[in-house]
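Below is one structure, written out as structure tokens; comments come after it.
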Amino acid sequence: MSKRTLAMKREERSFWIFIAPWFIGFICFTGGPILISLLLSFTEYNVISSPKFTGISNYLLLFKDRLFYKSLSVTLYYTVLAVPFTILTSLVIAVLLNHRIKGQSLLRTLYYAPSIVSGVAVSFLWSWLLNPQFGVVNSVLYDCFGIQGPGWFTSSGTVVPSMVLMQLTASGSTMVIFLAALQSLPADLYEAASIEGASGFTKFRKITVPLISPVILFNTIIGMIGALQIFTEAYVITKGGPDWNSYFYVYYLFDTAFKQFRMGYASAQAWILFLLIFALTLVSLWGSKKYVHYEYDSK
């Protein structure tokens, strides 16, 4: 056996040794639970007794469940509001922070920092800021403008928009991705546009947006996946209220699994959510073909 062959075998052995912890962890904590949840979705299982195979009865029952439709509609409503809001604000802030100004690095850090804070801590912060009795926001509205602030999390009409507003402190990662994309754009196109007399907004609309369209699509899909799995805000602040108007799908799944101990039914809920996310992702990719440009031809 040649030295080259021995070296390749040693490399291969080293590869498997180094990847083994991740591979074992994936099987035990990700791949295994996913497969088990699929099997449990066809059973009636309450943790205490053994699972009983029930076929597709969990899925049939799910589509007759009024809370299923309520939680799904609330989640979709939040997603429709939160994703465009997050994308737009993150892009605008990334464009502003892409200009060379004094304290640029500090401003970038300040905007990104809240996105690495625990979601529980951020939820407690916003529940204080938007408290209708002693919250900072309502106090400023009343003291400075004489406006009586809304109930925010205590009102059925404002609870979901209030949670969308919370995305201002959670979109730092999206902003960083946009900022990286903006810094990689070719300067010659902007110089040519300036010579032709194009305004800043025209350059943004005709050059920036088309060139970063793949990044916009990526952030949109990631944001949609995250929005459909919203849980922490409702669990910490509203407990699904008022009047079930923040009873998000994953919150309902949590109640089913860990309060009612209906693990089979909760597993069916999880797989319906997976199929919904998968379908919406495919639709997004299919619908983006006309608007997303993946190549830049410098010639």
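Keep in mind that the numbers below use all heavy atoms, side chains included, and drop hydrogens, waters and symmetry copies.
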Would you please indicate if the ring centroids of [X] and [Y] are separated by under 6.0 Å?
{"X": "Y252", "Y": "F68", "value": "no"}
{"X": "W128", "Y": "F124", "value": "no"}
{"X": "Y59", "Y": "F42", "value": "yes"}

Could you go through Y112 and S173, starting from their C-alpha distance and side-chain angles, then the distance that decides it, and tell me whether this counts as side-chain contact (heavy atoms from CB on, under 4.5 Å)?
CA-CA 7 Å; Y112 178 73; S173 299; 3.8 Å; yes

Checking the side chain of [X] only, and the main-chain atoms of [Y] only, is there a donor and an acceptor separated by less than 3.5 Å?
{"X": "Q229", "Y": "I225", "value": "yes"}
{"X": "Q148", "Y": "Y142", "value": "no"}
{"X": "N138", "Y": "P150", "value": "yes"}
{"X": "S213", "Y": "H293", "value": "yes"}

Would you name the heavy atoms of [X] and [Y] that are closest together and state the gap between them?
{"X": "P33", "Y": "C28", "answer": "CD-O, 3.4 Å"}
{"X": "N58", "Y": "T54", "answer": "ND2-OG1, 4.1 Å"}
{"X": "T75", "Y": "L228", "answer": "CG2-O, 3.6 Å"}
{"X": "K70", "Y": "D243", "answer": "CE-O, 4.4 Å"}
{"X": "A94", "Y": "L179", "answer": "O-CD1, 3.5 Å"}
{"X": "S123", "Y": "T232", "answer": "OG-CG2, 4.0 Å"}

Calculate, to the nearest 0.5 Å, the distance between atoms [atom1] and [atom2] belonging to [X] and [Y] respectively.
{"X": "L282", "Y": "I221", "atom1": "CG", "atom2": "CD1", "result": "9.0 Å"}
{"X": "S246", "Y": "I230", "atom1": "OG", "atom2": "CD1", "result": "8.5 Å"}
{"X": "S127", "Y": "N131", "atom1": "OG", "atom2": "CG", "result": "7.5 Å"}
{"X": "Q269", "Y": "L67", "atom1": "CD", "atom2": "CG", "result": "9.5 Å"}
{"X": "L91", "Y": "I87", "atom1": "CG", "atom2": "CD1", "result": "8.5 Å"}
{"X": "T30", "Y": "L35", "atom1": "OG1", "atom2": "CG", "result": "12.5 Å"}

Quick check: do T281 and I277 have side-chain heavy atoms less than 4.5 Å from each other?
yes

D65 side chain reached by Y265 side chain, heavy atoms, under 4.5 Å
yes

Answer yes or no: does atom CZ of F23 have more than 12 heavy-atom neighbours from other residues, nucleotides or ligands under 6.0 Å?
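Open.
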
Within 6.0 angstrom of I19 CD1, more than 12 heavy atoms from elsewhere
yes

In a check of side-chain contact (heavy atoms from CB on, under 4.5 Å) between T208 and each of L189, N98, L185, which one passes?
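For T208, the side-chain contact (heavy atoms from CB on, under 4.5 Å) check succeeds only for L185.
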
With a cut-off of under 6.0 Å to the ring centre and 45° to the axis, is K239 in cation-pi contact with Y235?
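Because its charged atom sits under 6.0 Å from the ring centre and within 45° of the axis, K239 does stack over Y235.
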
Hey, any chance [X] and [Y] share a hydrophobic cluster, counting ILVMFWY side chains that come within less than 4.5 Å of each other, even indirectly?
{"X": "L97", "Y": "F201", "answer": "no"}
{"X": "V215", "Y": "L96", "answer": "no"}
{"X": "V80", "Y": "M224", "answer": "no"}
{"X": "L88", "Y": "Y291", "answer": "no"}
{"X": "I272", "Y": "L39", "answer": "no"}

Out of F231, F248, F85, which one pairs with Y78 under the ring pair (Phe, Tyr, Trp, His ring centres under 6.0 Å) rule?
F248

Could you label the plane-to-plane angle of the Y247 and Y251 rings as parallel, tilted or perpendicular, counting under 30° as parallel and over 60° as perpendicular?
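Correct class here is perpendicular.
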
Specify whether F274 and W271 have parallel, tilted or perpendicular ring planes, treating 30° as the upper limit for parallel and 60° as the lower limit for perpendicular.
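F274 and W271: perpendicular rings.
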
Determine which pairs satisfy salt bridge (Lys or Arg N to Asp or Glu O under 4.0 Å) with at least one residue from residues 258-273, sequence neighbours left out, and list them in order.
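Those involving residues 258-273 are D255-K259.
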
Sorted by first residue and then second, give each ring-ring contact (aromatic ring centres under 6.0 Å, His included) pair with at least one member in residues 150-197; sequence neighbours left out.
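Non-adjacent pairs meeting ring-ring contact (aromatic ring centres under 6.0 Å, His included): zero.
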
L130 vs I237, test: side-chain contact (heavy atoms from CB on, under 4.5 Å). Steps then yes/no.
CA-CA 11 Å; L130 299 180; I237 302 173; over 6 Å; no

With side-chain hydrogen bond (donor to acceptor under 3.5 Å, both in side chains) as the test, would you mind laying out the steps for S90 and T174 before giving the verdict?
CA-CA 6 Å; S90 299; T174 306; 4.5 Å; no

